[in-house]
Amino acid sequence: MDTKYIFVTGGVVSSLGKGIISASIGKLLQARGYKVTIQKFDPYINIDPGTLNPYEHGECYVTEDGFETDLDLGHYERFTGIHTTRDNSITTGRIYKTVIDRERHGDYLGKTIQVVPHITDEIKRRMLRRGEYDFVITEVGGTIGDIESAPFMEAIRQLRWQLGRDAVCVHLTYVPYLKAADELKTKPTQHSVKELQGMGIQPDILVLRTERHLSDSMRLKVASFCNVDLECVVQSEDMPSIYEVPVNMQRQGLDAAILRKIGIPVGETPAMKPWHDFLEKQRTASREVHVALVGKYDLQDAYKSIRESLNLAGIYNDVKTRIHFVNSEEIDTQNVADKLNGMAGVLICPGFGQRGIEGKIVAAEYGRTHDVPTFGICLGMQMMVIEFARNVLGYQDANSAEMRETNSQPLAQKEGRNNPVNVIDLMEEQKSITQLGGTMRLGAYDCELVKGSRTWEAYGKDTLIKERHRHRYEFNNLYKEEYESAGMKCVGINPDAHLVEIVEIPEKRWYIGTQFHPEYSSTVLHPHPLFMSFIKACI
């Protein structure tokens, strides 16, 4: 079968959930036995989201091959279990950089470089991934009408003509409810489709985001005004959970409509038993477990993968995970007991920079001294290490080199107690780097586990694991012996760089810190073993 292409665009407003719809389409086609990949094209000029503010953009998701990407790739992986790469996340910045680099190299000698055809040809080249997959789903970020997304729309228009029936356009729009008039309004959807048609693209399928159920007469109205078949007008109502969306889309025949448009026999509707079993567990979980999320970004999307990993692990442990965000800038030794009161577990979040770290250190101390299950990820793990150095090893000025204005020599620090003690230090290969974008230790690396450790047990007694990273600073091995003899064990080591990846205190109920990000590899059907173990301990 030739590769088929599905383009997912959005209209009216942003944040309608194109990523969830794209992931749902991927899941439904996968359930029918097709090999699927999903890619995101973002119209901003940044090369990647690695340098963007989490308040504006949400979390930065990292692929196994070490590329910083949009958080929607996390949804793609969690829903489908596929492994995305740098080829699944493209920005305007990457497109222009490629074309400009070629121009400087002399590839276009004698030619004037223009948006059409040079930029649009490069977009099309990246959109077309022939041979590897049965279906390539391409989500375009932003909203129809944005000036930044015009080249992407032009590329899609050209591909629709070139590919014929092998391409389908799915357009996601919003049907608002006006409370004063007690009416749902389809006019914004009509305008959005007209704008898309004005760009030369006729949508094949419309997905209508709505907070209230749409009648068949309203769907028929949209179908007739937008030149779309009635069976291809699907509504996406608010669901109790995002994981209900694929089942809701299947119930309305979204995957069947796509196959009919492309000319593939629809066949039987897949049972998707594992997915339904998961949803049943989600619905029947009645007990609650309360977990404190200690971080500095008071925004749900900033820790999206962590939140989803906690929720998934809760469901598989037959409980509902209630996550309580605790701003680390507002925690101190005086109020920490109040802030963390009633919490069954504490998760200390990743991040960068000075802001809010002292609160994370205080939270780590509380978890350790009160024997509350505590999980530190990346910077969270580093704060656990610093807390232990200050309050157990006696290095009261212990810190990370990241938080110092100047970096001293670690050995001199250890010998002279008056000098600052960097128990977390800049990685050797990072010391000569001046550019910040895309230069961290990124992607999947091996980690050898110590047999008999709690982490080793959590992983099902595997001794070699592979996890994804995003950091510049590391545990300072000069202090390793002191930590181990005082009770904090280094139970996960990278075999090549001897970097300490995991620390734990075995005498505590559950006190584990990881330099890597386990949340990136937790999926709906395969929750991450460390999150599973953590939630078990919380229960």
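For clarity, every value in this text was computed on a predicted model and none was experimentally measured.
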- prompt: Where do Ile242 and Phe79 land on the side chain to side chain contact (heavy atoms under 4.5 Å, CB included) test, with the steps shown first?
  reply: CA-CA 10 Å; Ile242 57 172; Phe79 276 60; 4.2 Å; yes

Quick check for you: to the nearest 0.5 Å, what is the distance between [X] atom [atom1] and [Y] atom [atom2]?
X: Leu196; Y: Ile144; atom1: CG; atom2: CD1; answer: 4.5 Å
X: Tyr174; Y: Ser14; atom1: OH; atom2: OG; answer: 12.0 Å
X: Arg219; Y: Leu206; atom1: CZ; atom2: CG; answer: 10.5 Å
X: Ile201; Y: Ile156; atom1: CD1; atom2: CD1; answer: 5.5 Å
X: Glu154; Y: Leu159; atom1: CD; atom2: CG; answer: 10.0 Å
X: Lys4; Y: Tyr34; atom1: NZ; atom2: OH; answer: 9.5 Å

Please report the shortest heavy-atom distance between [X] and [Y], naming the atom on each side.
X: Met272; Y: Ala31; result: CG-CB, 3.7 Å
X: Tyr303; Y: Phe325; result: CE1-CE1, 3.8 Å
X: Ala155; Y: Ile123; result: CB-CG2, 3.5 Å
X: Gly141; Y: Lys40; result: CA-CE, 3.8 Å
X: Gly33; Y: Asp134; result: O-OD2, 4.4 Å
X: Gly26; Y: Thr80; result: C-CG2, 4.0 Å

Any Lys/Arg nitrogen of [X] or [Y] sitting under 4.0 Å from an Asp/Glu carboxylate oxygen of the other?
X: Arg307; Y: Asp301; result: no
X: Asp277; Y: Lys281; result: no
X: Asp101; Y: Lys97; result: yes
X: Asp2; Y: Arg165; result: no
X: Lys320; Y: Glu288; result: no
X: Asp48; Y: Arg86; result: no

Using atom types as modelled and distance alone, determine if a side-chain donor or acceptor of [X] lies under 3.5 Å from a backbone N or O of [Y].
X: Ser522; Y: Glu519; answer: no
X: Ser328; Y: Gly356; answer: yes
X: Ser192; Y: Pro188; answer: no
X: Lys18; Y: Gly142; answer: yes
X: Tyr520; Y: Tyr61; answer: no
X: Asn317; Y: Val319; answer: no
X: Ser215; Y: Met218; answer: yes
X: Thr92; Y: Pro43; answer: yes
X: Glu244; Y: Met239; answer: no

Taking the side chain as everything from C-beta on, heavy atoms only, tell me whether [X] gets closer than 4.5 Å to [Y].
X: Ser89; Y: Thr84; answer: no
X: Val136; Y: Met127; answer: no
X: Leu259; Y: Arg32; answer: yes
X: Leu293; Y: Cys349; answer: yes
X: Asp70; Y: Tyr76; answer: no
X: Arg260; Y: Asp229; answer: no
X: Arg468; Y: Glu64; answer: yes
X: Val291; Y: Ile535; answer: yes

message: I'd like to check the ring pair (Phe, Tyr, Trp, His ring centres under 6.0 Å) partners of Tyr316; sequence neighbours left out, ordered by chain and number.
response: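 Listed in chain order: Phe278.
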
Hey, is [atom1] on [X] packed in by over 12 heavy atoms from elsewhere, all under 6.0 Å?
X: Tyr177; atom1: OH; answer: yes
X: Gln300; atom1: CD; answer: no
X: His526; atom1: NE2; answer: no
X: Lys187; atom1: NZ; answer: no
X: His105; atom1: NE2; answer: no
X: Ile147; atom1: CD1; answer: no

query: Mind checking what makes salt bridge (Lys or Arg N to Asp or Glu O under 4.0 Å) contact with Glu280, not counting sequence neighbours?
result: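 Here the qualifying residues are Arg283.
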
task: Evaluate the side-chain hydrogen bond (donor to acceptor under 3.5 Å, both in side chains) criterion for residues His528 and Glu467: first the C-alpha distance (whole Å), next the side-chain angles of each, then the deciding distance (0.1 Å), finally the verdict.
output: CA-CA 11 Å; His528 194 281; Glu467 295 284 2; 2.6 Å; yes

message: Working note: Asp87 + Gln39, criterion side chain to side chain contact (heavy atoms under 4.5 Å, CB included); need CA distance, chi angles, decisive distance, verdict.
response: CA-CA 7 Å; Asp87 293 330; Gln39 53 191 7; 5.9 Å; no

Between [X] and [Y], does any side-chain donor sit less than 3.5 Å from a side-chain acceptor?
X: Glu308; Y: Tyr243; answer: yes
X: Ser241; Y: Gln282; answer: yes
X: Ser305; Y: Glu59; answer: yes
X: Thr523; Y: Glu77; answer: no
X: His213; Y: Glu237; answer: yes

- request: Might you work through the side chain to side chain contact (heavy atoms under 4.5 Å, CB included) test for Ile82 and Gln30, ending with a clear yes or no?
  value: CA-CA 10 Å; Ile82 63 174; Gln30 216 180 36; 3.6 Å; yes

field: Ring geometry between His469 and His471 (parallel below 30°, tilted from 30 to 60°, perpendicular above 60°)
entry: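 Judged by the thresholds at 30° and 60°, the geometry between His471 and His469 is tilted.
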
message: So if I apply the side-chain contact (heavy atoms from CB on, under 4.5 Å) rule between Phe135 and each of Thr3, Val168, Ile25, Ile262, which one comes out positive?
response: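 Exactly one candidate clears the test, Ile262.
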
- prompt: Under the side chain to side chain contact (heavy atoms under 4.5 Å, CB included) criterion, do Leu530 and Phe516 qualify, and how do the steps go?
  reply: CA-CA 12 Å; Leu530 277 180; Phe516 52 78; 4.2 Å; yes

